[in-house]
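In this text, all values refer to a predicted model and were calculated from it rather than measured experimentally. Sequence lines set the chain letters: A, B, ... in the order given, protein chains first and strands last, and positions in each chain run from 1.
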Number of protein chains: 2
Amino acid sequence: MTEEVSPRKGDRTKAAILASARNAFHELGFDGASVRAIAAQANIDPAMVIRYFGSKQELFAAAVRIELRLPDLAQVPKSRRGRALVEHFLHRWEGEPNEDALIMLLRSAVSHEDAAQRLHTVFASQVVGALRPVVAASELKRRSALVASQMLGLALTRYVLRLPAVADLTRTDVIRDFSPTIQRYVAGPLPH
Amino acid sequence: MTEEVSPRKGDRTKAAILASARNAFHELGFDGASVRAIAAQANIDPAMVIRYFGSKQELFAAAVRIELRLPDLAQVPKSRRGRALVEHFLHRWEGEPNEDALIMLLRSAVSHEDAAQRLHTVFASQVVGALRPVVAASELKRRSALVASQMLGLALTRYVLRLPAVADLTRTDVIRDFSPTIQRYVAGPLPH
DNA sequence: TTGAAAAATCAACAAGTGTTGACATCAGCG
DNA sequence: CGCTGATGTCAACACTTGTTGATTTTTCAA
(Lines give C-alpha, C1' and ligand atoms only; values in the text may rest on other atoms or scores of the structure.)
Protein backbone atom coordinates (compact mmCIF):
# COMPACT_ATOMS: atom_id res chain seq x y z
CA MET A 1 0.00 0.00 0.00
CA THR A 2 2.60 2.47 1.08
CA GLU A 3 4.93 1.36 -1.70
CA GLU A 4 4.56 2.47 -5.28
CA VAL A 5 5.87 -0.40 -7.35
CA SER A 6 4.05 -3.69 -6.67
CA PRO A 7 5.04 -4.37 -3.05
CA ARG A 8 4.41 -8.03 -3.73
CA LYS A 9 4.16 -9.84 -0.42
CA GLY A 10 6.53 -12.48 -1.72
CA ASP A 11 9.38 -10.06 -2.19
CA ARG A 12 9.56 -9.40 1.53
CA THR A 13 9.84 -13.06 2.46
CA LYS A 14 12.27 -13.64 -0.35
CA ALA A 15 14.44 -10.91 1.13
CA ALA A 16 14.03 -12.42 4.59
CA ILE A 17 15.21 -15.78 3.33
CA LEU A 18 18.19 -14.16 1.67
CA ALA A 19 19.17 -12.31 4.83
CA SER A 20 18.87 -15.43 6.95
CA ALA A 21 20.83 -17.39 4.37
CA ARG A 22 23.64 -14.83 4.30
CA ASN A 23 23.93 -15.05 8.05
CA ALA A 24 23.95 -18.83 8.09
CA PHE A 25 26.40 -19.26 5.20
CA HIS A 26 28.63 -16.63 6.76
CA GLU A 27 29.14 -18.46 10.00
CA LEU A 28 28.56 -22.09 9.03
CA GLY A 29 29.54 -22.40 5.37
CA PHE A 30 27.56 -24.11 2.63
CA ASP A 31 27.44 -27.59 4.09
CA GLY A 32 27.01 -26.49 7.68
CA ALA A 33 23.99 -24.30 7.01
CA SER A 34 20.90 -26.44 6.42
CA VAL A 35 17.90 -25.26 4.47
CA ARG A 36 15.75 -26.07 7.48
CA ALA A 37 17.86 -23.91 9.79
CA ILE A 38 17.83 -21.02 7.34
CA ALA A 39 14.06 -21.27 7.05
CA ALA A 40 13.59 -21.50 10.80
CA GLN A 41 15.64 -18.37 11.44
CA ALA A 42 13.41 -16.51 8.97
CA ASN A 43 10.19 -17.99 10.42
CA ILE A 44 9.35 -19.60 7.15
CA ASP A 45 8.60 -23.08 5.89
CA PRO A 46 11.62 -24.88 4.39
CA ALA A 47 9.60 -25.56 1.25
CA MET A 48 9.41 -21.83 0.56
CA VAL A 49 13.16 -21.62 0.32
CA ILE A 50 13.15 -24.07 -2.55
CA ARG A 51 10.11 -22.47 -4.17
CA TYR A 52 11.72 -19.04 -4.21
CA PHE A 53 15.26 -20.01 -5.12
CA GLY A 54 14.96 -23.38 -6.84
CA SER A 55 17.63 -25.17 -4.83
CA LYS A 56 20.09 -24.69 -2.00
CA GLN A 57 22.86 -24.27 -4.54
CA GLU A 58 21.00 -21.44 -6.29
CA LEU A 59 20.25 -19.82 -2.94
CA PHE A 60 23.96 -19.87 -2.18
CA ALA A 61 24.75 -18.34 -5.55
CA ALA A 62 22.26 -15.57 -4.86
CA ALA A 63 23.56 -14.97 -1.34
CA VAL A 64 27.12 -14.77 -2.56
CA ARG A 65 26.52 -12.52 -5.51
CA ILE A 66 29.03 -9.79 -5.15
CA GLU A 67 29.37 -6.17 -5.98
CA LEU A 68 32.90 -5.80 -7.18
CA ARG A 69 33.99 -2.50 -5.56
CA LEU A 70 37.55 -2.57 -6.87
CA PRO A 71 39.96 -0.06 -5.34
CA ASP A 72 41.52 2.17 -7.99
CA LEU A 73 45.17 1.92 -7.01
CA ALA A 74 46.29 4.05 -9.94
CA GLN A 75 44.85 7.09 -8.19
CA VAL A 76 46.75 6.38 -4.99
CA PRO A 77 50.35 7.57 -4.59
CA LYS A 78 52.67 4.63 -5.13
CA SER A 79 53.96 4.67 -1.58
CA ARG A 80 50.48 4.33 -0.07
CA ARG A 81 49.05 1.54 -2.18
CA GLY A 82 49.69 -1.15 0.40
CA ARG A 83 47.78 0.77 3.02
CA ALA A 84 44.96 1.49 0.58
CA LEU A 85 44.57 -2.20 -0.20
CA VAL A 86 44.50 -3.23 3.46
CA GLU A 87 41.96 -0.53 4.26
CA HIS A 88 39.84 -1.56 1.30
CA PHE A 89 39.53 -5.19 2.38
CA LEU A 90 39.18 -4.37 6.07
CA HIS A 91 36.31 -2.05 5.21
CA ARG A 92 34.67 -4.76 3.14
CA TRP A 93 34.99 -7.39 5.82
CA GLU A 94 33.88 -5.27 8.74
CA GLY A 95 31.38 -3.05 6.93
CA GLU A 96 28.15 -4.81 7.85
CA PRO A 97 28.85 -7.87 9.94
CA ASN A 98 27.85 -11.32 8.66
CA GLU A 99 27.36 -10.08 5.14
CA ASP A 100 30.59 -10.31 3.23
CA ALA A 101 30.62 -12.85 0.44
CA LEU A 102 34.35 -13.49 0.54
CA ILE A 103 34.07 -14.86 4.08
CA MET A 104 31.11 -16.98 3.05
CA LEU A 105 33.14 -18.38 0.16
CA LEU A 106 36.14 -18.96 2.41
CA ARG A 107 34.01 -20.95 4.86
CA SER A 108 32.45 -22.98 2.05
CA ALA A 109 35.34 -23.52 -0.35
CA VAL A 110 36.90 -26.12 1.91
CA SER A 111 34.23 -28.70 1.21
CA HIS A 112 32.18 -27.27 -1.63
CA GLU A 113 33.77 -27.44 -5.06
CA ASP A 114 31.61 -24.76 -6.65
CA ALA A 115 32.48 -22.34 -3.87
CA ALA A 116 36.16 -23.04 -4.40
CA GLN A 117 35.81 -22.25 -8.09
CA ARG A 118 33.93 -19.04 -7.32
CA LEU A 119 36.64 -18.06 -4.86
CA HIS A 120 39.24 -18.50 -7.58
CA THR A 121 37.20 -16.17 -9.76
CA VAL A 122 36.65 -13.59 -7.05
CA PHE A 123 40.33 -13.68 -6.19
CA ALA A 124 41.22 -13.17 -9.81
CA SER A 125 38.91 -10.19 -10.23
CA GLN A 126 39.58 -8.57 -6.86
CA VAL A 127 43.31 -8.97 -6.33
CA VAL A 128 44.62 -9.41 -9.84
CA GLY A 129 42.19 -6.75 -11.04
CA ALA A 130 43.39 -4.25 -8.48
CA LEU A 131 47.05 -4.88 -9.17
CA ARG A 132 47.00 -5.08 -12.96
CA PRO A 133 46.95 -1.30 -13.56
CA VAL A 134 49.92 -0.64 -11.31
CA VAL A 135 52.40 -3.51 -11.68
CA ALA A 136 54.44 -4.83 -14.59
CA ALA A 137 52.67 -7.61 -16.45
CA SER A 138 55.63 -9.92 -15.94
CA GLU A 139 55.30 -9.60 -12.18
CA LEU A 140 51.51 -9.61 -11.92
CA LYS A 141 51.01 -13.28 -11.10
CA ARG A 142 53.77 -13.38 -8.51
CA ARG A 143 52.75 -10.19 -6.72
CA SER A 144 49.10 -11.27 -6.77
CA ALA A 145 50.02 -14.57 -5.16
CA LEU A 146 51.82 -12.79 -2.35
CA VAL A 147 49.02 -10.31 -1.72
CA ALA A 148 46.37 -13.04 -1.81
CA SER A 149 48.25 -15.28 0.61
CA GLN A 150 48.61 -12.47 3.16
CA MET A 151 45.14 -10.98 2.84
CA LEU A 152 43.35 -14.34 2.85
CA GLY A 153 45.57 -15.40 5.72
CA LEU A 154 44.42 -12.33 7.61
CA ALA A 155 40.76 -13.06 6.83
CA LEU A 156 41.18 -16.70 7.80
CA THR A 157 42.85 -16.14 11.15
CA ARG A 158 40.77 -13.11 12.10
CA TYR A 159 37.23 -14.00 10.96
CA VAL A 160 37.11 -17.77 10.45
CA LEU A 161 39.52 -19.30 12.94
CA ARG A 162 39.36 -16.25 15.20
CA LEU A 163 42.81 -16.82 16.65
CA PRO A 164 42.83 -14.45 19.62
CA ALA A 165 46.20 -12.99 18.69
CA VAL A 166 44.78 -11.81 15.37
CA ALA A 167 41.13 -11.31 16.27
CA ASP A 168 42.03 -9.07 19.22
CA LEU A 169 43.83 -6.57 17.01
CA THR A 170 41.98 -3.30 16.48
CA ARG A 171 41.31 -2.06 12.98
CA THR A 172 44.08 0.46 13.51
CA ASP A 173 46.47 -2.29 14.56
CA VAL A 174 45.68 -4.31 11.46
CA ILE A 175 46.28 -1.38 9.12
CA ARG A 176 49.51 -0.44 10.88
CA ASP A 177 50.94 -3.97 10.96
CA PHE A 178 49.91 -5.35 7.57
CA SER A 179 50.26 -2.32 5.33
CA PRO A 180 54.09 -2.49 5.12
CA THR A 181 53.96 -6.10 3.98
CA ILE A 182 51.30 -5.49 1.34
CA GLN A 183 53.15 -2.37 0.24
CA ARG A 184 56.26 -4.45 -0.39
CA TYR A 185 54.23 -7.10 -2.20
CA VAL A 186 52.63 -4.48 -4.44
CA ALA A 187 55.42 -2.01 -5.08
CA GLY A 188 58.58 -3.12 -3.29
CA PRO A 189 61.53 -4.99 -4.73
CA LEU A 190 61.07 -8.72 -5.28
CA PRO A 191 63.90 -11.10 -4.35
CA HIS A 192 65.64 -12.35 -7.50
CA MET B 1 55.08 -65.18 11.57
CA THR B 2 57.95 -63.05 10.40
CA GLU B 3 57.39 -60.53 13.18
CA GLU B 4 58.60 -61.07 16.70
CA VAL B 5 56.19 -59.22 18.96
CA SER B 6 52.60 -60.42 18.56
CA PRO B 7 51.88 -59.30 15.02
CA ARG B 8 48.21 -59.18 15.95
CA LYS B 9 46.19 -59.14 12.77
CA GLY B 10 44.14 -56.30 14.17
CA ASP B 11 47.05 -53.92 14.34
CA ARG B 12 47.48 -54.05 10.59
CA THR B 13 43.88 -53.16 9.85
CA LYS B 14 43.95 -50.53 12.53
CA ALA B 15 46.92 -48.97 10.78
CA ALA B 16 45.13 -49.29 7.45
CA ILE B 17 42.13 -47.46 8.83
CA LEU B 18 44.36 -44.72 10.19
CA ALA B 19 46.14 -44.26 6.88
CA SER B 20 42.88 -44.11 4.96
CA ALA B 21 41.45 -41.70 7.51
CA ARG B 22 44.46 -39.38 7.27
CA ASN B 23 44.06 -39.28 3.52
CA ALA B 24 40.35 -38.58 3.68
CA PHE B 25 40.54 -35.96 6.42
CA HIS B 26 43.41 -34.31 4.61
CA GLU B 27 41.49 -33.65 1.42
CA LEU B 28 37.89 -33.54 2.62
CA GLY B 29 37.98 -32.34 6.23
CA PHE B 30 36.13 -33.84 9.16
CA ASP B 31 32.59 -33.39 7.89
CA GLY B 32 33.38 -34.19 4.29
CA ALA B 33 35.05 -37.51 5.05
CA SER B 34 32.47 -40.15 5.94
CA VAL B 35 33.22 -43.20 8.02
CA ARG B 36 31.85 -45.34 5.21
CA ALA B 37 34.18 -43.76 2.64
CA ILE B 38 37.19 -44.18 4.92
CA ALA B 39 36.29 -47.83 5.48
CA ALA B 40 35.73 -48.45 1.77
CA GLN B 41 39.13 -47.02 0.85
CA ALA B 42 40.73 -49.42 3.34
CA ASN B 43 38.63 -52.37 2.14
CA ILE B 44 37.03 -53.02 5.49
CA ASP B 45 33.63 -52.82 7.09
CA PRO B 46 32.50 -49.44 8.47
CA ALA B 47 31.69 -51.11 11.76
CA MET B 48 35.37 -51.93 12.27
CA VAL B 49 36.23 -48.25 12.28
CA ILE B 50 33.99 -47.72 15.28
CA ARG B 51 35.14 -50.87 16.99
CA TYR B 52 38.79 -49.92 16.74
CA PHE B 53 38.51 -46.22 17.48
CA GLY B 54 35.25 -45.80 19.38
CA SER B 55 33.83 -42.98 17.30
CA LYS B 56 34.56 -40.81 14.29
CA GLN B 57 35.60 -38.04 16.62
CA GLU B 58 38.19 -40.26 18.35
CA LEU B 59 39.43 -41.46 14.97
CA PHE B 60 39.97 -37.85 13.97
CA ALA B 61 41.82 -37.16 17.20
CA ALA B 62 44.08 -40.14 16.54
CA ALA B 63 44.68 -39.15 12.91
CA VAL B 64 45.56 -35.63 13.87
CA ARG B 65 47.86 -36.47 16.76
CA ILE B 66 50.95 -34.49 16.11
CA GLU B 67 54.63 -34.76 16.72
CA LEU B 68 55.65 -31.30 17.69
CA ARG B 69 58.98 -30.88 15.81
CA LEU B 70 59.61 -27.31 16.91
CA PRO B 71 62.38 -25.47 15.11
CA ASP B 72 65.01 -24.18 17.53
CA LEU B 73 65.32 -20.60 16.33
CA ALA B 74 67.78 -19.71 19.08
CA GLN B 75 70.43 -21.76 17.27
CA VAL B 76 69.86 -19.94 13.99
CA PRO B 77 71.60 -16.62 13.30
CA LYS B 78 69.16 -13.80 13.85
CA SER B 79 69.19 -12.72 10.23
CA ARG B 80 68.17 -16.16 8.97
CA ARG B 81 65.32 -16.98 11.30
CA GLY B 82 62.61 -16.01 8.84
CA ARG B 83 64.00 -18.36 6.26
CA ALA B 84 64.39 -21.12 8.82
CA LEU B 85 60.73 -20.82 9.81
CA VAL B 86 59.49 -20.90 6.22
CA GLU B 87 61.66 -23.91 5.45
CA HIS B 88 60.46 -25.65 8.58
CA PHE B 89 56.78 -25.38 7.69
CA LEU B 90 57.30 -26.06 4.02
CA HIS B 91 59.13 -29.25 4.92
CA ARG B 92 56.32 -30.26 7.25
CA TRP B 93 53.62 -29.64 4.69
CA GLU B 94 55.35 -31.24 1.73
CA GLY B 95 57.21 -34.00 3.57
CA GLU B 96 54.88 -36.91 2.94
CA PRO B 97 51.85 -35.78 0.97
CA ASN B 98 48.38 -36.10 2.48
CA GLU B 99 49.73 -36.64 5.96
CA ASP B 100 50.16 -33.30 7.68
CA ALA B 101 47.86 -32.69 10.59
CA LEU B 102 47.85 -28.92 10.27
CA ILE B 103 46.25 -29.13 6.85
CA MET B 104 43.71 -31.62 8.16
CA LEU B 105 42.86 -29.24 10.97
CA LEU B 106 42.67 -26.30 8.57
CA ARG B 107 40.21 -28.19 6.35
CA SER B 108 38.11 -29.18 9.36
CA ALA B 109 38.21 -26.12 11.60
CA VAL B 110 35.80 -24.25 9.36
CA SER B 111 32.84 -26.38 10.35
CA HIS B 112 34.03 -28.48 13.26
CA GLU B 113 34.36 -26.72 16.57
CA ASP B 114 36.70 -29.25 18.17
CA ALA B 115 39.06 -28.98 15.23
CA ALA B 116 39.05 -25.20 15.58
CA GLN B 117 40.00 -25.49 19.24
CA ARG B 118 42.77 -27.95 18.43
CA LEU B 119 44.05 -25.58 15.76
CA HIS B 120 44.26 -22.81 18.34
CA THR B 121 46.31 -25.12 20.53
CA VAL B 122 48.59 -26.27 17.74
CA PHE B 123 49.09 -22.69 16.65
CA ALA B 124 49.97 -21.71 20.17
CA SER B 125 52.53 -24.46 20.57
CA GLN B 126 54.02 -24.27 17.09
CA VAL B 127 54.24 -20.57 16.35
CA VAL B 128 54.26 -19.02 19.78
CA GLY B 129 56.53 -21.80 21.01
CA ALA B 130 59.04 -21.20 18.25
CA LEU B 131 59.08 -17.46 18.74
CA ARG B 132 59.12 -17.29 22.53
CA PRO B 133 62.86 -17.95 22.94
CA VAL B 134 63.88 -15.28 20.47
CA VAL B 135 61.51 -12.32 20.83
CA ALA B 136 60.73 -9.92 23.65
CA ALA B 137 57.81 -11.09 25.77
CA SER B 138 56.01 -7.81 25.22
CA GLU B 139 56.04 -8.37 21.46
CA LEU B 140 55.38 -12.11 21.44
CA LYS B 141 51.64 -12.00 20.84
CA ARG B 142 51.83 -9.41 18.10
CA ARG B 143 54.67 -11.07 16.22
CA SER B 144 53.00 -14.46 16.55
CA ALA B 145 49.81 -13.06 15.06
CA LEU B 146 51.68 -11.74 12.06
CA VAL B 147 53.60 -14.96 11.47
CA ALA B 148 50.47 -17.08 11.86
CA SER B 149 48.45 -14.98 9.45
CA GLN B 150 51.10 -15.23 6.75
CA MET B 151 52.02 -18.88 7.21
CA LEU B 152 48.40 -20.06 7.48
CA GLY B 153 47.56 -17.83 4.52
CA LEU B 154 50.27 -19.60 2.56
CA ALA B 155 48.96 -23.03 3.60
CA LEU B 156 45.40 -22.02 2.79
CA THR B 157 46.04 -20.65 -0.68
CA ARG B 158 48.61 -23.30 -1.65
CA TYR B 159 47.18 -26.55 -0.26
CA VAL B 160 43.50 -25.98 0.47
CA LEU B 161 42.25 -23.47 -2.10
CA ARG B 162 45.09 -24.28 -4.48
CA LEU B 163 45.02 -20.87 -6.11
CA PRO B 164 47.17 -21.41 -9.20
CA ALA B 165 49.23 -18.30 -8.56
CA VAL B 166 50.35 -19.74 -5.21
CA ALA B 167 50.17 -23.47 -5.93
CA ASP B 168 52.35 -23.13 -9.02
CA LEU B 169 55.25 -21.68 -7.07
CA THR B 170 58.18 -24.03 -6.61
CA ARG B 171 59.50 -24.74 -3.13
CA THR B 172 62.42 -22.47 -3.96
CA ASP B 173 60.06 -19.70 -5.02
CA VAL B 174 58.14 -19.96 -1.76
CA ILE B 175 61.25 -19.77 0.37
CA ARG B 176 62.62 -16.85 -1.61
CA ASP B 177 59.40 -14.82 -1.60
CA PHE B 178 58.07 -15.43 1.89
CA SER B 179 61.24 -15.49 3.96
CA PRO B 180 61.75 -11.69 3.94
CA THR B 181 58.25 -11.13 5.29
CA ILE B 182 58.56 -13.71 8.03
CA GLN B 183 62.03 -12.37 8.85
CA ARG B 184 60.53 -8.94 9.39
CA TYR B 185 57.70 -10.37 11.46
CA VAL B 186 60.15 -12.28 13.65
CA ALA B 187 63.08 -9.93 14.01
CA GLY B 188 62.43 -6.73 12.08
CA PRO B 189 61.16 -3.44 13.42
CA LEU B 190 57.44 -3.22 14.19
CA PRO B 191 55.53 -0.09 13.21
CA HIS B 192 54.81 2.00 16.29
C1' DT C 1 42.08 -81.12 17.03
C1' DT C 2 39.51 -78.46 20.28
C1' DG C 3 38.02 -74.35 22.30
C1' DA C 4 38.13 -69.59 23.30
C1' DA C 5 39.22 -65.15 21.99
C1' DA C 6 39.76 -61.95 18.25
C1' DA C 7 38.23 -60.22 13.87
C1' DA C 8 35.07 -59.47 10.41
C1' DT C 9 30.24 -59.33 8.37
C1' DC C 10 25.58 -57.93 7.98
C1' DA C 11 21.40 -55.67 8.77
C1' DA C 12 19.29 -52.29 11.08
C1' DC C 13 18.49 -48.07 14.03
C1' DA C 14 17.51 -43.13 14.60
C1' DA C 15 18.45 -38.80 13.02
C1' DG C 16 19.27 -35.43 9.55
C1' DT C 17 19.62 -33.92 4.61
C1' DG C 18 17.53 -31.52 0.13
C1' DT C 19 13.50 -31.71 -2.36
C1' DT C 20 8.66 -32.56 -3.95
C1' DG C 21 3.71 -32.64 -4.41
C1' DA C 22 -0.88 -32.25 -2.57
C1' DC C 23 -3.59 -29.35 -0.05
C1' DA C 24 -5.18 -25.04 2.43
C1' DT C 25 -5.32 -20.04 2.92
C1' DC C 26 -5.38 -15.43 1.47
C1' DA C 27 -5.17 -11.44 -1.62
C1' DG C 28 -7.30 -8.51 -4.84
C1' DC C 29 -10.09 -7.83 -9.01
C1' DG C 30 -14.31 -8.65 -12.09
C1' DC D 1 -20.19 -12.09 -3.99
C1' DG D 2 -16.89 -15.62 -6.76
C1' DC D 3 -12.86 -16.58 -9.01
C1' DT D 4 -7.90 -16.78 -9.92
C1' DG D 5 -3.34 -16.67 -8.89
C1' DA D 6 -0.04 -15.97 -5.48
C1' DT D 7 1.55 -17.58 -0.53
C1' DG D 8 1.95 -20.56 2.79
C1' DT D 9 1.52 -25.39 5.30
C1' DC D 10 2.13 -30.27 5.94
C1' DA D 11 3.63 -34.71 5.25
C1' DA D 12 6.33 -37.55 2.89
C1' DC D 13 10.06 -39.13 -0.45
C1' DA D 14 14.69 -41.02 -1.04
C1' DC D 15 19.09 -40.70 0.62
C1' DT D 16 23.18 -40.31 3.69
C1' DT D 17 25.05 -40.03 8.15
C1' DG D 18 27.30 -42.27 12.68
C1' DT D 19 26.61 -46.03 15.46
C1' DT D 20 25.05 -50.60 17.43
C1' DG D 21 24.00 -55.46 18.21
C1' DA D 22 23.73 -60.14 16.76
C1' DT D 23 26.01 -63.44 14.18
C1' DT D 24 29.51 -65.72 11.68
C1' DT D 25 34.24 -66.50 10.43
C1' DT D 26 39.05 -66.61 11.39
C1' DT D 27 43.08 -66.99 14.31
C1' DC D 28 46.06 -69.13 17.51
C1' DA D 29 47.49 -71.44 21.70
C1' DA D 30 46.62 -75.73 24.66
Side-chain angles (χ1 to χ4, degrees), chain A residues 1-21 24-25 27-64 107-108 110-115, chain B residues 1-22 24-25 27-64 104 107-108 110-115:
Chain A
M1 296 293 191
T2 59
E3 302 291 7
E4 39 206 22
V5 288
S6 72
R8 289 284 187 200
K9 183 76 178 306
D11 296 356
R12 298 205 99 222
T13 65
K14 185 167 180 175
I17 294 174
L18 207 55
S20 173
F25 288 140
E27 41 188 272
L28 299 171
F30 182 84
D31 287 339
S34 73
V35 171
R36 285 171 160 89
I38 291 170
Q41 197 186 333
N43 275 332
I44 283 173
D45 193 278
M48 300 302 293
V49 176
I50 301 299
R51 251 160 77 92
Y52 275 102
F53 290 90
S55 70
K56 183 184 182 182
Q57 170 59 36
E58 292 174 80
L59 171 61
F60 183 75
V64 93
R107 265 237 163 73
S108 306
V110 168
S111 54
H112 197 245
E113 188 52 36
D114 288 20
Chain B
M1 296 296 189
T2 60
E3 302 290 7
E4 40 207 19
V5 290
S6 72
R8 288 283 186 201
K9 183 77 179 307
D11 295 357
R12 299 203 100 222
T13 65
K14 186 167 180 175
I17 294 173
L18 207 55
S20 173
R22 284 218 171 88
F25 287 140
E27 43 188 89
L28 298 170
F30 181 84
D31 287 339
S34 73
V35 171
R36 284 172 159 87
I38 292 171
Q41 198 185 333
N43 275 331
I44 63 168
D45 192 277
M48 301 301 293
V49 176
I50 302 300
R51 250 160 83 85
Y52 275 103
F53 290 91
S55 70
K56 182 185 182 181
Q57 170 60 36
E58 293 175 79
L59 171 62
F60 183 75
V64 94
M104 292 168 42
R107 265 238 162 72
S108 307
V110 167
S111 55
H112 197 246
E113 188 52 35
D114 289 18

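One atom, CD1 of B:Ile38, and another, C1' of D:dT16, lie 15 Å apart when rounded to the nearest Å. Protein atom CZ of A:Phe60 is 14 Å distant from nucleotide atom P of C:dT19, rounded to whole Å. D:dT16 atom P lies 15 Å from atom NZ of B:Lys56, rounded to whole Å. Put simply, CD1 on A:Ile50 is 15 Å from C1' on D:dA14, counting in whole angstrom units. Note: CG (A:Leu28) to P (C:dT17) measures 11 Å, nearest angstrom. Distance CD1 (A:Ile17) to P (C:dG18): 14 Å, rounded to an integer number of Å. Rounding to whole angstrom units, CD of residue A:Gln57 and C1' of C:dT17 are separated by 15 Å.
Side-chain contact between A:Ile44 and A:Ile17 is present, with at least one heavy-atom pair separated by less than 4.5 Å. With contacts defined as side-chain heavy-atom distances shorter than 4.5 Å, the pair A:Phe53/A:Leu18 qualifies.
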Between the protein and nucleotides 9-12 of chain C, which nitrogen or oxygen pairs are less than 3.5 angstrom apart?
| from | atom 1 | to | atom 2 | distance (Å) |
| --- | --- | --- | --- | --- |
| C:dA12 | N6 | B:Arg36 | NH2 | 3.4 |

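Residues forming a side chain to side chain contact (heavy atoms under 4.5 Å, CB included) with A:Ala33 (at least two apart in sequence, or on another chain): A:Ala24, A:Phe25, A:Leu28, A:Ile38.
Comparing D:dG18, D:dT19, C:dG18 by their nearest atom to the side chain of B:Ser34 picks out D:dG18.
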